[in-house]
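Before any comments, here is the structure.
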2 protein chains.
Amino acid sequence: MDLVGIYQCLCDRTRLRILHLLGQGPLCVCHFQKILQEPQVKVSKHLGYLRARGMVRSDRRGNWMIYSLQAKPSRELAANLACLQDCAREDPVFQRDLERLRKLSPGFAESSPCCRAATVHR
Amino acid sequence: MDLVGIYQCLCDRTRLRILHLLGQGPLCVCHFQKILQEPQVKVSKHLGYLRARGMVRSDRRGNWMIYSLQAKPSRELAANLACLQDCAREDPVFQRDLERLRKLSPGFAESSPCCRAATVHR
DNA sequence: TGTCAATATACCCGTAATGGAATATACCTG
DNA sequence: CAGGTATATTCCATTACGGGTATATTGACA
């Protein structure tokens with residue numbers, strides 16, 4: 001993906017919030033729904049947009065799809081994602097998202113059972 | 001302008017090239033036309049887009065409009081413009097633009113008579 | 001196999017963006 | 001004022017985007 005493509009991914013608020021959150025580690029769709037408080041179809045479509053452009057990858061884990069940032073980002077992509085994280089540090093919306101993320105699944109970052117903590121898993 | 005607005009400005013190839021060039025200093029529309037090799041209306045409209053969003057400013061100098069980057073960019077804007085300059089260092093299109101810029105008006109960076117060197121100023 | 005939960009896709013609509021052709025505006029100069 | 005140059009704007013067609021509703025797909029599990 002070239003530089004323009006990167007910026008096209010970044011130029012929507014929902015996608016920005018998604019990418020910012022993914023900076024913390026992999027997340028599944030239900031997490032995004034809860035943190036962003038946006039309808040499922042909206043979250044799913046933006047994730048699809050990012051995946052179609054190679055910005056994120058998705059892995060199925062049972063019923064859930066786990067999204068994560070591209071493993072080997074280009075120099076350009078890495079630089080811009082770092083810039084995003086930096087800019088987000090002062091933005092209340094991004095910070096609130098981080099708060100919600102921490103409340104949802106403490107210590108999710110490495111541990112895999114993504115949706116265990118967030119959903120009623122009968 | 002918020003972060004999304006910044007990325008919206010950056011998500012078009014022509015605007016990216018314009019902003020990259022403006023990193024070298026103020027330029028007038030005719031310079032952009034010659035360097036980008038794009039029609040006048042296209043250049044002018046993208047410049048208008050950037051100006052409407054406060055990304056660049058314009059100053060009239062006789063017949064010519066001199067465009068320059070915003071004097072006091074926000075932290076976010078400054079960070080992203082720096083990131084752009086960094087990414088452009090490896091991109092042949094951006095580098096070719098710089099080449100053309102240098103050929104057009106050597107030593108323009110500080111000196112003001114923007115279009116003196118580039119146009120036949122009878 | 002049937003049902004349920006999680007996610008994705010199809011379809012539709014309103015809006016914005018892009019680009020070109022033609023025209024308008026602003027300024028300079030004689 | 002007239003004519004020319006530089007730039008902006010208007011109009012138009014095309015396309016992309018964002019969001020919503022409804023529906024389809026996928027996998028788990030009884």
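Order of the sequence lines sets the chain letters (A, B, ...), proteins ahead of strands, with each chain counted from 1.
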Check the phosphate of [N] against [X], side-chain N and O only, distance under 4.0 Å to OP1 or OP2. Yes or no?
X	N	answer
B:His46	C:dA17	no
B:Arg53	C:dA17	yes
A:Tyr67	C:dA6	no

What I want to find out is whether A:Arg89 reaches A:Asp91 closely enough, with some N-O distance under 4.0 Å, to be called a salt bridge. no

So that I can tick it off, tell me whether A:Arg102 and A:Glu99 are bridged by a salt bridge, with the cut-off set at under 4.0 angstrom between side-chain N and carboxylate O. yes

Between [N] atom [atom2] and [X] atom [atom1], what is the distance in whole Å?
X	N	atom1	atom2	value
B:Leu50	D:dA8	CG	C1'	15 Å
B:Leu47	D:dA8	CG	C1'	11 Å
A:Asp59	D:dT26	CG	P	17 Å
A:Gln33	D:dG20	CD	C1'	15 Å
B:Tyr49	C:dA17	OH	C1'	8 Å
A:Leu36	D:dG19	CG	C1'	15 Å
A:Ile66	D:dT26	CD1	P	18 Å
B:Asn63	D:dT7	CG	C1'	8 Å

Out of [options], whichever nucleotide has its closest atom nearest the side chain of [X]:
X	options	answer
B:Arg15	C:dT9, D:dT7, C:dT18	C:dT18
B:Arg51	C:dG20, D:dA8, D:dG19	D:dA8
B:Val41	C:dG19, C:dA21, C:dT9	C:dA21

Do B:Arg51 and B:Tyr67 meet the cation-pi criteria used here (NZ or CZ under 6.0 Å from the six-membered ring centre, within 45° of the axis)? no

Confirm from the modelled atom types if B:Gln40 and D:dA8 form a donor-acceptor pair under 3.5 Å, side chain to base only. yes

Kindly say whether, by distance alone, the side chain of B:Lys45 makes a donor-acceptor pair under 3.5 Å with the base of C:dG19?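 Per atom types, the contact qualifies.
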
Shortest non-hydrogen contact from B:Ile66 toward B:Pro26: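 Here B:Ile66 and B:Pro26 meet closest at CG2-CB, 3.7 Å.
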
Would you classify B:Gly62 as touching base, sugar-phosphate or nothing, given that sugar-phosphate means primed atoms plus P, OP1 and OP2, and contacts are heavy atoms under 4.0 Å? sugar-phosphate

Partner set under side-chain hydrogen bond (donor to acceptor under 3.5 Å, both in side chains) for B:Asn63, not counting sequence neighbours: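 Residues passing side-chain hydrogen bond (donor to acceptor under 3.5 Å, both in side chains) with B:Asn63: none at all.
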
When you match B:Arg60 and B:Lys42 each to their closest nucleotide on DNA chain C, which lands nearer the 5' end? B:Lys42

